[in-house]
Structure formats: structure tokens, C-alpha cells
Amino acid sequence: MKPSTLALALMLAAVPASPIWAAESAAAIIKQSQSARGFLNLHYDKQGQVYVEANHLNQPFLLVTSLPQGVGSNDIGLDRGQLGRTRMVQFERIGPDLILRELNTRYRAGSDYAPEQRAVKEAFADSILWRAPVVDGKTALAPLNALVLNDLHGVTDSLKASGQGNFSLDSSRSLIIPEYVKSFPNNSDVDVQLTFASGEPGAYVAQVTPDPKAISIRMRFSFIALPEAGYLARDYHPQSGYLSDEYLDYATGIDQSVVKRHLLRHRLQKKTPGAAPSEVVEPIVYYLDPGVPEPIRSALLDGGRWWEEAFNAAGFINGFKMELLPEDADPQDVRFNVVQWVHRASRGWSYGSAIADPRSGEIIKGHVTLGSLRVRQDHLIARGLTAGWEDRDAAAKASEHLALERIRQLSAHEIGHTLGLDHNFAASSNNNASVMDYPHPMISLNGGKIDISKPYTPGIGEWDKFAIAYGYGDFGADEAAGLSKLLMDVQTKGLRYIGESDSRSADASHAYASLWDNGSDPVAELTRLQEVRRKALADFNPEALLKGEPLGELADALVPLYLLSRYQIEAATKVIGGADYGYDGTYSWHYMAPELQKQALGTVLATLDTAELTLPRELVESLLPKQGNYQASRESFASGLGILPDPIGMAEVLSRHTVTTLLKPKRLNRVEQGFQGDSEQLSVTTLVDRLFAVTLFQEGKIGLERGVWMRLNAVTVDAVLDAFHHDDTSAEVKAVLGARLAYAQKQLERKSSRSSEADAAHYKYLALGIARGLDDATARIIKKPLPMPPGSPI
């Protein structure tokens, strides 16, 4: 009797389903596939499946994701060429399956004793990234689609973190790209086209994607061989100026630190080992993206080649080279260090990244990402500075010269990161001793005319030569002695090194480590730069525009000029409550001398003079509204006047930058503690009283300065209230701020009774704002502050 249809269906359902590839042998799959042979042998079949030969079992290698095609938004951060994190992985065969295990390199036992190693391995978890059944045969295969058709790079996380909504990978619109399944001697790559979907995409996605509900990009999975044996790791020293890898070694003796740190650096060997100069076995070579246009291309090559001097000085003759990527070279090949030119919808950061061996810190591949719009921002700054020049041909040449000089610096800086170097934000205080600082253009007044003929110091600096010698130098039999001597030499020369964590934030404590500043004396440099700013604003006119730009764009050209001293204000303010110290083994630090702090305060407060904040009437009237289809952008000053430029709003933005920088809670905490230890030091009481003296308690102004003065007063009250309520402000500082605000309230009420009707209204409103703000942590006079246009990167 035939079974019923339902019974037959049940019987079939009870039989375990076989994978679709089980019907074919490994040999048959290879025969009808497109094959890429190299580090791993990959086979792409007609059904769109990619297979990996199941060899290299239990042999660690690296897995790195990257983005050959980016999203194109600086705010989202998913740029063309972006590298994901480096994972050390290995294939393992378990029964009928092949797995890819990510090894836990953070915790190790550095001994050769197997029980010690096993104890550490079994104490910490690792991660299984992928599992697939093996197609057995003479050459065993396993299908990779389940590994590579997923978001191992973290695209959805980046989209969510940047406020672009909850995207998810759409498998139905994601596939492997057969022409980008490649294999080289040291790496094998699989490129996939992934589509991420969302019903409610964010504004940044909408700006750069044809259909913001579907973001389609290429992602690359690179399987990379670990380098050959023979590399000797070098221990990290905080004065070295290097980036480092870190791990915990539980085989370390109890009289040593369990935390181990190695410098990140390339392998570089001399033909004749030892301290004497020698030709190298194989140079470090960087290749420039041929998609860079001239004259930028030549400038980038020039800047990158600056490193030749450092390596030659360290004894590695011809140890570094930079060339244009040959037409027959494939940038996917891990053997090529690449400098890539990346376009975005808005200007953004450039990056120096690297793929490194997590066991030792050896850099396998350097990868530089240069944002193409940055050079245009430097050109804009130069055009504003030279707008008043009568010789317009000279102005055009000077503007291009400044922009190209900056791009040389940028090339050297980002390549420096991929050589292993960290930032040195104190280099500007040592005559620009390193390209690893962020340089501001040097602008001077020469015979009453703005001079930008020497905007940047060309070439690498003394610090850079030291750093390359420390990281790469061959010292023969006594490496420790050689390194120690280098550290002593750099200390004798007085070269400062202060890294990222001590510098970048506006409330950082070191007085000589800042971004985009100049000069050994940040306070004197602010005074000088303010003079340049006054001259530049007085001369500013429509000549700052590009040919064919409508006059409505002049307000955007004004932005970097009006804010010219924003970073030097930050640098000078760091002297207030600032300290001086180093990483060179000295055992003490100290606050800056009282007279220096008080001088810095006076110089910073001088930037709040209404004359410094107020634009000339003729200039204001020349700032026409945006015209036609031209619209304001993030690079524009916001306005409280509709589409009209808002000069009082500009003053609000710059004054808020100055006052909030001055009143950073951690700075105020340092000021107060310094005063408690030394009554000659500046106190928070004095600081706030001097701030109020140049703002709230100034006599009323007239003309254009009157509105600037009133807005400045509102900004000041709000900034002090912000500091008073901030969680980082210490209890003793809160007490001082509360007392000074209460005093100011009484003084303003008193002034209102003795002033004109207009001034009285202003004083009463300020006094009311203080009263409300003291009681209500959210109450402020300016409910919606105007935003500061982006400054970094320049």
C-alpha cells in the first residue's frame, strides 16, 4: 500500500538534509571553479560559493577586514581603505568540520614549558568565528561564504554609533565578487559586496548614498601569513615616541611586571650588522596611489621621502624609499605599503594604520589614508590671508605654496605613524622638532604685510631622527647601552616629547603640549597671532574667493580667518593651571610659575576685548547672504538672523570657545590646588574676578561693539554656571564659583539701578540668569548656543 502524501512528507522530513555541496567531490568543485593559489588556495564556483583548501591546520595566521570601498562620510568613519582590527586565527579540523578559531593573544605564557602555556590558554576564552563541513577528497575543501558574507568589520556598529540608525546586513543583496578573489605569496583575499538596510537611515547616510535605505559597499577579508622567524622585538619606553603592542605574560617572575609592551616597527636589517652604517638587505618601501592628481602627487612623494634622511642617519643606507605604485602592482598584495588618496563628502582626518604581528609588534603592512579635501582647507586659509595683497598672481602662488607645503607635512606625518611613531604634540615648542606634531601655518607680518612664504618647517626634525634611531637602530652586542645613550642625548638636547593622552583634550595638563600651535612660548605666540589676525581681517575682501564663486560664499571664506587664533588660545590657556614634566625618568613635576600663569590669563582675556571680536562695519556689509542654490553648510557660521550673516553670532562662537576653554573643570581644580599649596599662585577667585572685570563689569559699549559686549556677557555667565554644575568640578572650586556668581548677581542688580534703560534691562536679565542658574542646573541665558564650525583637521 502506498503511503499517503502526508506520511511521505513526514518520512522525508525525518531524513537529515545533506548540504548541497555534498553531492560533488572536492575534485569536481575545483575543476569547475575559478582558482586563486597562493598563501591559501581559494576556489570560486559557478554557484557563487568560495571554497578554501583545508590546509594550514593549527598554524596561526592573521585575519584582517578592510574596506576597499567606503561610505564617503567623515562623520560615519567608514572610509575607503579603512583597516579593521588584526585577529590572529587558525584553522582547526574537528570531526567532519573545519573551524576558524580566533586566538586570545592578550594573555600568554612566554616560557617554553607546556604546562605553563596550557594553564594560561585554559584560563581565558577564545572565539570561534566560523564553522563549515569539509568536502573530503584528495584536496579537502570547506565553503567560506558563511565567514565572509557577514559584518566582521563592524559596519552596523559604526552606523549606529554615528547616529545613522539601526542597519542590518541584507543577505539577499550580498555576494562574493569573483574578480577580487585573489591569492598572493603572503596573503589571500576575498572581496564581498555587502548591502546594509534600514528603514530609518540618518542624515549623513542620506548625504552620500543614492538610496539611504540601502548602503552597498565592498568589504575585504584578508588572510595573511605571519612573518618569518628572526625578528627581535624591542621593548617599549615611554620616551621613545612609539606606538606599542601590549599583552600579559604570566610566565614572568614576580620581581618583574606581568605587562609586556613592544614597539611597533618594520623589520629592517643591515647587510653588515652592527652599529656602523650599512646598506640594507631590503628597504622599507611605500607606494603612492596613482589616483592622486598633480601637483599634489609630487608633494606627497616629496614629503614621504623625508624619512630617507632619518634612516640614513640611523645607519641604514637607502633604508627607506617612496615610489608611485607601479601599474602592474596590486595594492591588495600585503607586501606593498600603500599611501591611499581618499575622497569624502566633507573634509576629515587622515590616518596612518598598520597590520602588525600581535606576538611581537612587527609591522607587516603600512596603510596610509589621506583625505583629499584637507589640502583645499589649507588653500582656503591662505586665500583669506592673502586677500589684501595687491599682486594677485603672487597671492595665488603663495596660496598654492602653503597648501602643498602642508600636504608634504601630512604625507610625512601619516607615514610616520605606519613606521610605528606616535604623536609628539610638544614638538612645536622645540622649533618644530617633529613632523609627528600637528603644525599650524607660520604667518608673520613683514613690513606691515602678511607673509606666508615659510608656512611650515620643511623636512623631518631632530626628534624624528632620534625616534627612528631608537626604534630601528642596530647597536651591536649592547643594545641596552645604545638605547640608554640615545635617551640621554635627547634629554641633553632638551627635546620634549609629550604624547596623545597629555595633549589632545582642551583641559590637558601639560603647558607645552598642544595641537595646531606654534612657538616655544604659547602666550607670546598668541599675542603675535592676534596681531596677524587683526591685519588679515582689516584686509579681508572678495579676493579670497575662487574664480567664479558668488559673493555669498565670502562669509564661509571668513570662517577660518575669524577663528585664526582658536588653537593658540587653547595652547596659551594650558599655561593656566598647567604643569611641566617629561617621560625621561625625572621624579618630579611642577605647576607653571605664578607670573607665567597670570601673564597667560591676561593674554587670553585680551582676546575677549570687544574690539577683537567685532568685525569692521564695511566687512559686515560685504558679507552677502547665500545666493541662489548655494546653501550654508557645516563649514559656515550659524546665524540667528535667518540667511543673513550674523556678526554677533560669530563673536558668541569665538568668545564661548575662549571662556569655556579657560573654565574647564579640571583646569580650575588644578588652579585651586596649586594656590592651596602656594599662595603666590593664581587662584580660582582671582581668575573669575578678572574674567568678570573684562566682561560683566565693563562699561557699556557703543556701535557694533555694544551687541558683541552683551552677547559676551551672556556667554560668560553661562560658562561659569556650566563649570559650577559640572560633575568634574571639585567641591572646593564649586564653593568659589558659587560665591563669585552670587557676588556678580548683586553687582549687576546694583548696576541696573544706575544705568540707562537699555543697559539696566541687560544687567537685570544677567542677574536673573545667575539666580535661575544657581538653583536650576539646566537653566541658561542662551538656550541654544550657536555651534562652532569644525576646525580640525587643517
Side-chain angles (χ1 to χ4, degrees), residues 75 163 202-204 206-207 345-347 377 380-381 383-384 387 533 536-538 540-546 548-564 566 608 610-660 695 700-719 758-759 761-762 765-766 768-769 778-791:
D75 303 276
Y204 295 142
Q207 182 184 21
S346 58
R347 66 186 172 93
Q377 181 72 5
L380 173 64
I381 293 171
R383 296 201 314 269
R533 178 180 176 272
L537 288 174
F540 187 74
N541 64 70
E543 294 290 354
L545 295 172
L546 292 170
E549 279 190 311
L551 291 174
E553 299 306 289
L554 189 60
D556 285 359
L558 175 66
V559 171
L561 198 60
Y562 186 80
L563 301 176
L564 186 67
R566 66 193 290 183
L608 296 175
T610 53
E612 300 285 353
L613 296 170
T614 304
L615 291 173
R617 183 179 296 276
E618 297 78 10
L619 176 55
V620 172
E621 292 175 351
S622 72
L623 300 177
L624 298 177
K626 293 284 183 176
Q627 299 172 345
N629 292 332
Y630 286 82
Q631 297 180 350
S633 71
R634 63 193 300 165
E635 302 284 357
S636 309
F637 275 123
S639 173
L641 309 179
I643 65 169
L644 293 175
D646 183 354
I648 293 179
M650 298 178 197
E652 175 193 327
V653 165
L654 182 54
S655 63
R656 179 177 292 107
H657 173 71
T658 301
V659 177
T660 56
T695 55
K701 305 292 181 176
I702 61 174
L704 290 173
E705 290 187 39
R706 178 177 175 77
V708 169
W709 169 69
M710 290 182 168
R711 188 70 61 86
L712 170 61
N713 289 342
V715 166
T716 300
V717 169
D718 282 353
D759 283 353
H762 175 63
Y765 192 64
L766 292 177
L768 181 60
T778 64
R780 297 293 181 271
I781 295 174
I782 301 175
K783 301 295 184 184
K784 189 178 180 181
L786 295 174
M788 170 81 91

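All heavy atoms count here, side chains included; hydrogens, waters and symmetry mates do not.
For the pair Ala544 and Leu554, the tightest heavy-atom approach, listed with the atom from each and the gap, is CB-CD1, 4.4 Å. Closest non-hydrogen pair, Pro789 versus Glu635, comes out as CB-O, 4.1 Å. When all heavy atoms are compared, the tightest approach of Pro645 to Met650 is CB-CE, 4.3 Å. Looking at every heavy atom in both residues, Ile781 comes nearest to Ala714 through CG2-CB, 3.8 Å. Across all their heavy atoms, Asp646 and Ser639 have their closest contact at CB-OG, 3.3 Å. Between Leu786 and Gly649, the shortest heavy-atom contact is CD1-CA, 3.4 Å.
Heavy atoms of other residues, nucleotides or ligands lying less than 6.0 angstrom from NZ of Lys784 number 12 at most.
Listed for the His657 side chain is a donor-acceptor partner under 3.5 Å among the backbone atoms of Arg566. Without hydrogens or angle criteria, Thr614 side chain to Ala611 main chain gives no donor-acceptor distance under 3.5 Å. A distance-only check finds a donor-acceptor pair linking the side chain of Arg347 to the backbone of Pro790 [under 3.5 Å].
For the atom pair Leu712 CG and Arg656 CZ, the distance stands at 10.5 Å (nearest 0.5 Å). Note: Leu613 CG to Thr658 OG1 = 7.5 Å, rounded to the nearest 0.5 Å. Distance OG/Ser655 to CD/Glu612: 13.0 Å, rounded to 0.5 Å. Taking CG of Leu545 as the start and CZ of Arg383 as the end, the distance is 7.5 Å to the nearest 0.5 Å. The distance from atom CG of Asn713 to atom OG1 of Thr610, rounded to the nearest 0.5 Å, is 10.0 Å.
For Phe540, there are no ring pair (Phe, Tyr, Trp, His ring centres under 6.0 Å) partners two or more places apart in sequence or in a different chain. Considering only residues two or more places apart in sequence or on other chains, Arg634 meets the side chain to side chain donor-acceptor pair (under 3.5 Å) condition with Asp75, Ser346. Residues passing the side chain to side chain donor-acceptor pair (under 3.5 Å) test with Gln627, sequence neighbours excluded: none.
The closest side-chain heavy-atom distance from Ser636 to Lys626 is below 4.5 Å. The closest side-chain heavy-atom distance from Thr695 to Val659 is not below 4.5 Å. Side chains of Leu537 and Leu558 form a contact here, defined as non-hydrogen atoms less than 4.5 Å apart. When side chains are defined from C-beta on, Ile782 counts as touching Arg711, because their heavy atoms get closer than 4.5 Å. You'll find the side chain of Lys701 stays beyond 4.5 Å of the side chain of Val708, heavy atoms only. Inter-residue side-chain proximity for Arg706 and Asp759 is flagged as met; some heavy-atom pair is nearer than 4.5 Å. Looking only at side-chain heavy atoms (C-beta outward), Phe637 and Leu654 stay at 4.5 Å or farther from each other.
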CA sep, side-chain torsions, deciding dist, call: Leu615, Leu623, side-chain contact (heavy atoms from CB on, under 4.5 Å): CA-CA 11 Å; Leu615 291 173; Leu623 300 177; 4.3 Å; yes
